[in-house]
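A short worksheet on the structure shown next.
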Amino acid sequence: MPLKALMRLFILFQFTLIANCVESELVEALKILFNEINKPLQPVAITCWSVDASVRFVRSFSTSIQNYQINVFNDELFKFSNTDHCSDVFIVDIRCPNAQRIVNETNSLSPVNLRMVVVDSSMDVNDNMQEKMVDLFSNAAILPNSEIYLVTKVDNETFDFTQIYRTAINRPLIIEKFLPNSLRNEQDLTVISRRRLLNGIELRASMVVTNNDSLNHLDDYRDKHIDTITKVCYILTNHLISFLNASVRYSIVPSWGYMDADGEWSGMIGQLVKNEADLGATSLFFTADRVSVIQYIAMPSSTGSAFIFRAPKLSYTDNVFLLPFDDFVWLCLGCLVLVTAGCLLITVFVEWKTPLDGPCLDTDSGLLRPKLTDTFLLVFGATCQQGSSVTPRCHSARIITITAFVVLMFLYTSYAANIVALLQSPSTKIKSLKDLLDSRLKFGVDDTVFNHYYFSHATEPVRKKIYEQKVRNKDGSENFMNLETGIENVRKGLFAFHTESGVGYKIIGETFYEDEKCGLREIKYLDVIDPWYAIQKNSSYMELFKTGLMRINEHGLQERENSRLYTSKPKCSGGGGHFVTASLVDTFPAMLVLLYGYAIALILLISEILVKRFSSSYKSKNPLFIRRR
Ligand SMILES: *[C@@H]1O[C@H](CO)[C@@H](O)[C@H](O)[C@H]1NC(C)=O
Ligand SMILES: *[C@@H]1O[C@H](CO)[C@@H](O)[C@H](O)[C@H]1NC(C)=O
Ligand SMILES: *[C@@H]1O[C@H](CO)[C@@H](O)[C@H](O)[C@H]1NC(C)=O
Ligand SMILES: *[C@@H]1O[C@H](CO)[C@@H](O)[C@H](O)[C@H]1NC(C)=O
Ligand SMILES: *[C@@H]1O[C@H](CO)[C@@H](O)[C@H](O)[C@H]1NC(C)=O
């Protein structure tokens, strides 16, 4: 009997927990709050209310807050694992016995953006609910990315909204007003801008330094070409830290980190994965295998690596003697020579048919005779502006000759002028990695950690060939060299050097003569996105860091550091003022013509000798041969 009474009492208690008129007040408060949050969220109420009360609550909720569909769970059975805690907003009743357990359980969730609204279903004005609600979270890891709202009733008409969070796990709770009407100040509009001040918590940053001396010159802009990306990111990280009013402890690692055979990450990524660092303070390439272990948040520096080389002379890639005219002009020129020779032949032929006037003209060797080779030689001589030793006899043939001389002179002039320009111009043929691979250029690669890694791990066919044929030598050594040597080789020409372009251009600006800065080309080799700034996966501070870096970019600090530390491509200002000596390479096709000429002459000579030998021995063996003649 006492048990039954107790049961009834309990049921009564359950009913009174959410009294008839209270749920409308509750819904009224939630309505104000949800209007203010204004995000597509899924409200999940975790309550200990009776079925009846729950139904009344849901009905009231769906009539007055139409944008949201609410789900109601019993607090005893509720588990976070059954929900999608990224898009849910949990409504917890502090009067329920399981409220503390539910709050405790949020600690085991990975630090996602937890959203929770704590309400008081009794709506008792006289009780100091806010203090009790804050107590509820005394051990909770509610970092700046979580949104915890406390709803308390002030009097019959007004509610009080507050938010709580802490800057780091062992820091005191921070209570902020969340008054919808007072949210007019732009600065305070977002959670992030209100919570950006971490007030002195210490963040751990991992920094990649490949040369120990860089530690002495992190922010004095000296030795800008060594560990440039580290220096840019170091200064930007410091700006970020002061934006957050935090402090930072740097740890130095020698590499960005690559996965080894066991799936363990080394270097900076290793520190982020093992939770030894919050920030990766040196930006790193955005690659597919890294995306799953670290969180990329911003691109602080748009530096890229590329092969830098001086475009070789045109004669290295083309036959400059053919370039001045396009194919059609060459064709027409050939036709012109043939047609002129043909006309001349016909005219001379007709001319020699007519009786001669003078007695000795027939024997004059300066006269053009009606022979194909003679006329052809005359026109060819005209083409090459060499003149001719024979002249036609009559006027018509002479007119043809003069016309040919004049026309071909114009052609010759433009040809010669064009050749002069072409001999001085750089080649534009090398446009892709494939062209580079096929060219006669030698290769060198800047001796850095990531170049070693990416060159030896290249899988794409052209890149792999570049590594195997050009970077790795026959004896197994590799053409990795320091920056200065590489750039000096580029200056000497016919050498492509792979380095960070901003860094390479600094040395180029310092060591090249003005005219040598012309014709610099770059071709990208690394098949990766430019370096991005990365942090731990699922970091509670991600939004803060992201906003901070974006601010730094918007305020121009990023641009400033990049332009101070990276040199842009030097301008070509001395292009016309220098003198190119023609070398053997330029005259190579001409040499070839000469060689072919010699070869043909030699072959003819030999065959003539042979024919002569053969015919004389034939004659001596066969005396009939002479007799018959
Ligand atoms: C919640 O956690 C605190 C400290 O971790 C502990 O003292 C308390 O008993 C826990 N409460 C429940 C209901 O689990
Ligand atoms: C609040 O409401 C109760 C009951 O509805 C009423 O007795 C009380 O006077 C009201 N108080 C104020 C300040 O309006
Ligand atoms: C920054 O944090 C320090 C504590 O480390 C605090 O004294 C100072 O007031 C904070 N600055 C601002 C602007 O809040
Ligand atoms: C750089 O310093 C670290 C530790 O201070 C040391 O282990 C390493 O050998 C040094 N490297 C060079 C190249 O001096
Ligand atoms: C990050 O959060 C996602 C989603 O909650 C989870 O699947 C993943 O395991 C978490 N990663 C880490 C490293 O905590």
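For ligands, and for the atoms within them, numbers begin at 1 and follow the listed sequence.
Checked by atom type, the side-chain pair Glu561/Tyr221 shows a donor-acceptor distance below 3.5 Å.
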Show your reasoning for whether side chain to side chain contact (heavy atoms under 4.5 Å, CB included) applies to Leu284 and Tyr533. CA-CA 6 Å; Leu284 74 174; Tyr533 201 92; over 6 Å; no
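Among the atoms of Asn104, some N or O lies under 3.5 angstrom from an N or O of ligand 1.
Atom CD of Gln69 has 12 or fewer heavy atoms from other residues, nucleotides or ligands within 6.0 Å.
Around ligand 3 you find Leu197, Asn199, Gly200, Asn245, each with a heavy-atom distance below 4.0 Å.
Each of Glu500, His225, Lys231 was compared with Tyr566 under the side-chain hydrogen bond (donor to acceptor under 3.5 Å, both in side chains) criterion, and only Glu500 meets it. Screening Tyr454, Phe450, Phe455 for a ring pair (Phe, Tyr, Trp, His ring centres under 6.0 Å) with His498, the sole residue that qualifies is Phe455.
Scanning for salt bridge (charged side-chain N to carboxylate O under 4.0 Å, His left out) contacts around Arg115 gives Glu147, with sequence neighbours left out.
Classified by interplanar angle (parallel below 30°, tilted 30° to 60°, perpendicular above 60°), the ring pair Phe57/Phe61 is tilted.
Below 4.0 Å from some heavy atom of Asn139 lie the following atoms of ligand 1, by number and element: 3 (C), 4 (C).
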